[in-house]
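Reviewing the structure listed below.
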Amino acid sequence: MSDEPSIDPQFTKLVMFMEQHIPFNKLLGLRVDLLRKGECVLRIPWTDHLIGDSKRPAVHGGVISTLADTAGGAACFSMLSNP
């Protein structure tokens with residue numbers, strides 16, 4: 001296990017913005033579990049409104065896309081020299 005914090009202190013404002021000020025992220029309940037240089041781990045707590053196909057039931061593709069897009073964007077942003 002690493003001694004590094006799961007959220008680098010320089011990204012605290014970014015995490016707050018991602019969780020509280022992006023309406024879709026807030027609607028999904030998106031949480032940042034880890035954000036440091038080049039790394040981002042997100043989670044969305046399960047609720048039934050995330051189902052996209054009630055016959056299977058399967059998570060809506062938009063939820064998966066949001067996780068991939070947001071995590072990738074945050075990881076890239078963390079690599080900038082002036083975040």
Side-chain angles (χ1 to χ4, degrees):
M1 175 155 306
S2 173
D3 289 335
E4 293 181 62
S6 26
I7 296 176
D8 187 314
Q10 70 176 322
F11 302 126
T12 302
K13 288 182 182 178
L14 175 60
V15 169
M16 186 176 71
F17 177 76
M18 290 171 60
E19 293 181 350
Q20 300 300 320
H21 298 288
I22 297 176
F24 192 57
N25 291 356
K26 195 170 180 179
L27 176 72
L28 292 174
L30 184 140
R31 293 291 176 253
V32 179
D33 282 346
L34 180 142
L35 182 56
R36 53 188 181 221
K37 191 171 184 175
E39 298 179 86
C40 182
V41 175
L42 304 176
R43 68 182 158 88
I44 295 175
W46 176 256
T47 64
D48 287 341
H49 78 267
L50 300 176
I51 294 173
D53 180 350
S54 60
K55 292 181 181 166
R56 289 194 279 170
V59 176
H60 189 281
V63 175
I64 304 300
S65 297
T66 296
L67 283 171
D69 179 59
T70 305
C76 289
F77 187 83
S78 73
M79 298 295 290
L80 298 175
S81 58
N82 293 317

dist Leu35:CG -> Leu42:CG (nearest 0.5 Å) comes out at 8.5 Å
If you look at every heavy atom in Asp53 and Arg56, which pair is closest and at what distance?
-> OD2-NE, 3.1 Å
Quick one: do Leu28 and Ile64 end up in the same hydrophobic cluster if we chain Ile, Leu, Val, Met, Phe, Trp and Tyr together by side-chain heavy atoms under 4.5 Å apart?
-> yes
Here the gap from Ile7 atom CD1 to Ser78 atom OG, rounded to the nearest 0.5 Å, amounts to 12.0 Å
Tell me, do Lys37 and Asp8 make a side-chain contact under 4.5 Å, heavy atoms counted?
-> no
Is there a path from Met16 to Leu30 through hydrophobic residues (I, L, V, M, F, W, Y) whose side chains come within less than 4.5 Å of each other?
-> no
For the atom pair NE2 (His21) and CG (Leu14), what is the distance rounded to the nearest 0.5 Å?
-> 11.5 Å
Kindly work out whether a path of hydrophobic side-chain contacts (I/L/V/M/F/W/Y, heavy atoms less than 4.5 Å apart) joins Phe77 to Val32.
-> yes
Transitive ILVMFWY side-chain link Leu67 to Phe24, under 4.5 Å = yes
Using a 4.5 Å cut-off on heavy atoms from C-beta on, say whether the side chain of Trp46 contacts that of Val59.
-> yes
First locate atom CZ of Arg31, then atom CG of Asn25, and finally report the distance between them rounded to the nearest 0.5 Å.
-> 9.5 Å
Find the distance between CG (Leu27) and OG1 (Thr66) and round it off to the nearest 0.5 Å.
-> 10.0 Å
Does any non-hydrogen side-chain atom of Leu50 lie less than 4.5 Å from one of Thr47?
-> yes
On a heavy-atom basis, the closest approach of Ala74 and Cys40 is CB-SG, 3.8 Å
